[in-house]
Amino acid sequence: MDNSTILETRDLNLWYGQKHALIDITVRIPKKTVTALIGPSGCGKSTLLRCCNRMNDLIDSSRITGNVLFNGEDIYDGHADAYAVREKIGMVFQKPNPFPKSIYENVAYGPRIHGVREKGALDRIVEESLKGAALWDEVKDRLHEPALALSGGQQQRLCIARSLAVEPEVILMDEPCSALDPIATGKIEDLIIRLARNYTVVIVTHNMQQAARVSEYTGFMYMGELIEFDETSRIFEDPGEELTENYITGRFG
Amino acid sequence: MAEKFHAELASLKGDVLAMGCLAQGMLHRSMEALRTQDAALIELVARDKQRIADQDHEIEQKCLRLIALHQPMAKDLRTIAASLKTITYLYRIGRYGKDIAAVVPELADAPHAGGLIGIPQMADIVEGMIADALVAFEREDLTAIRGIEEREEAVDALRYSILRECLACMTENPETIARCTNYIMIARYLERCGDHACKIAEKAHHMVTGERIEIR
Ligand SMILES: Nc1ncnc2c1ncn2[C@@H]1O[C@H](COP(=O)(O)OP(=O)(O)O)[C@@H](O)[C@H]1O
Ligand SMILES: [Mg+2]
């Protein structure tokens, strides 16, 4: 593993009961870049994403073999703490899921759990996180209003701010724009590109143009396997595998 | 949607090919007119000038529409890119045909010097290059353009020998100066048409393989 790899899987396999959902996945995610995962529904994109921060622990039927290394350390190692992992490797979901609390409390929630009590410190974290998620200007005058009163796109950026508040290194996003209109989507895309200056972003998307717009690397998955992983320009202009070509040009099935 | 798009892409390639036939026809007729002084042919070429300009616009429009509506990727995208470039080259080839046809009347006053000194031979090679580049594009068959580089070199060599012959001719007999200047110009146009055929071949190669090559 070299310095520029932050997250890596080695021969990762996952089963849900009898269903073999991930097959021998070996991939290295470069640090401070945006990596996109594409592929038809059910190919295992969300499963792979969830493996990267141990969200699959929450599914009883799932069983894995192989390794997932974060900064060189196996996150499934007996010593690793799933909660600590999920803070360093945050997740943003398809449907924005803010807590039914105020905007401020949504962002302050994580730091509070970590024992940040002092109001000044919390205020600073909230402001920084909201700025980081490109939401501050829109909400700074109504921080104590309910988060659920925000628009869908704002809620999604709030969820991103919430994950930034606990100082993650990696942010996993599972189809973060699929519930949003084109304008809100455009804002999230701009944000993703900006986030990659300081964080590593892995995004699952159904929208290939979105993958092409925001990511530097793209992985194409098919039926549980990672078929191809390469620079995004290469994947979309001249992929190496026929399966990839057929998928991105819509010649599938 | 994907199916409709791919049907439209196939029809786009058909349109490019049709434009290619038109461009080639213009060049071919201009050479026929040069040989025969047939005024009707000159007329036809002049008329095709507007048609080829229209096709250029229509195909470009179609390409832009396909990009905007379908946001194509990979080979589909390369096909559209190759089409956009190819029509520009074809348009220029057609224009050269028109330009050649336009000077034919100036050459009507006397028989051709030296049996047109290699110009018909040059035109044959160039027309073959254009045809094969179009076959490579349409059928995605790169064997058609194998060896196009050598033909390009042959065209260059012919142009040079035409130039030398014309110079000799003009020194010997100054009355042929106007005539030979036109021959030199025609040879220059034909050579440019051969270059455009090579560019079309390069685009076809990129479309098929994703790799860029440079033919000389
Ligand atoms: N909790 C689960 N239990 C059983 N099977 C699941 C579960 N989650 C996903 N799967 C199956 O695993 C495969 C991969 O799913 P998923 O990772 O959600 O695919 P994607 O995100 O690419 O659409 C699918 O066949 C899906 O049905
Ligand atoms: Mg999914």
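Remember, predicted model here, so these are calculated numbers, not experimental data. Below, read A as the first sequence line, B as the second, and so on, with proteins coming before strands; counting in each chain starts at 1.
- The 12-atom threshold is not exceeded at CD of B:Glu43, counting heavy atoms of other residues, nucleotides or ligands nearer than 6.0 Å.
- Residues satisfying the side-chain hydrogen bond (donor to acceptor under 3.5 Å, both in side chains) test with B:Asp76, not counting sequence neighbours, are A:Arg251, B:His6.
- Salt-bridge annotation for B:Glu58 and B:Lys62: absent, with no side-chain N of the basic residue lying under 4.0 Å from a carboxylate O of the acidic one.
- At a heavy-atom cut-off of under 4.5 Å, chain B is reached by A:Met208, A:Gln209, A:Ala212, A:Phe236, A:Glu237 from residues 201-237 of chain A, listed in order of number.
- Within a 6.0 Å sphere centred on CG of A:Leu58, other residues, nucleotides and ligands contribute more than 12 heavy atoms.
- Scanning residues 184-195 of chain A against chain B with a 4.5 Å non-hydrogen threshold yields no residues.
- Between B:Asp48 and B:Arg51 a salt bridge is recorded (basic side-chain N to carboxylate O distance below 4.0 Å).
- A:Asp24 and A:Asn13 share a side-chain donor-acceptor pair at under 3.5 Å.
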Any chance you could lay out the side chain to side chain contact (heavy atoms under 4.5 Å, CB included) test for B:Leu190 and B:Arg159, step after step, and finish with the verdict?
CA-CA 9 Å; B:Leu190 287 173; B:Arg159 176 175 171 234; over 6 Å; no

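- The ring pair (Phe, Tyr, Trp, His ring centres under 6.0 Å) contacts involving residues 192-216 of chain B comprise B:Tyr89-B:His196, where partners must be two or more places apart or lie in separate chains.
- Each of A:Glu8, A:Glu169, A:Lys88 was compared with A:Asn71 under the side-chain hydrogen bond (donor to acceptor under 3.5 Å, both in side chains) criterion, and only A:Glu169 meets it.
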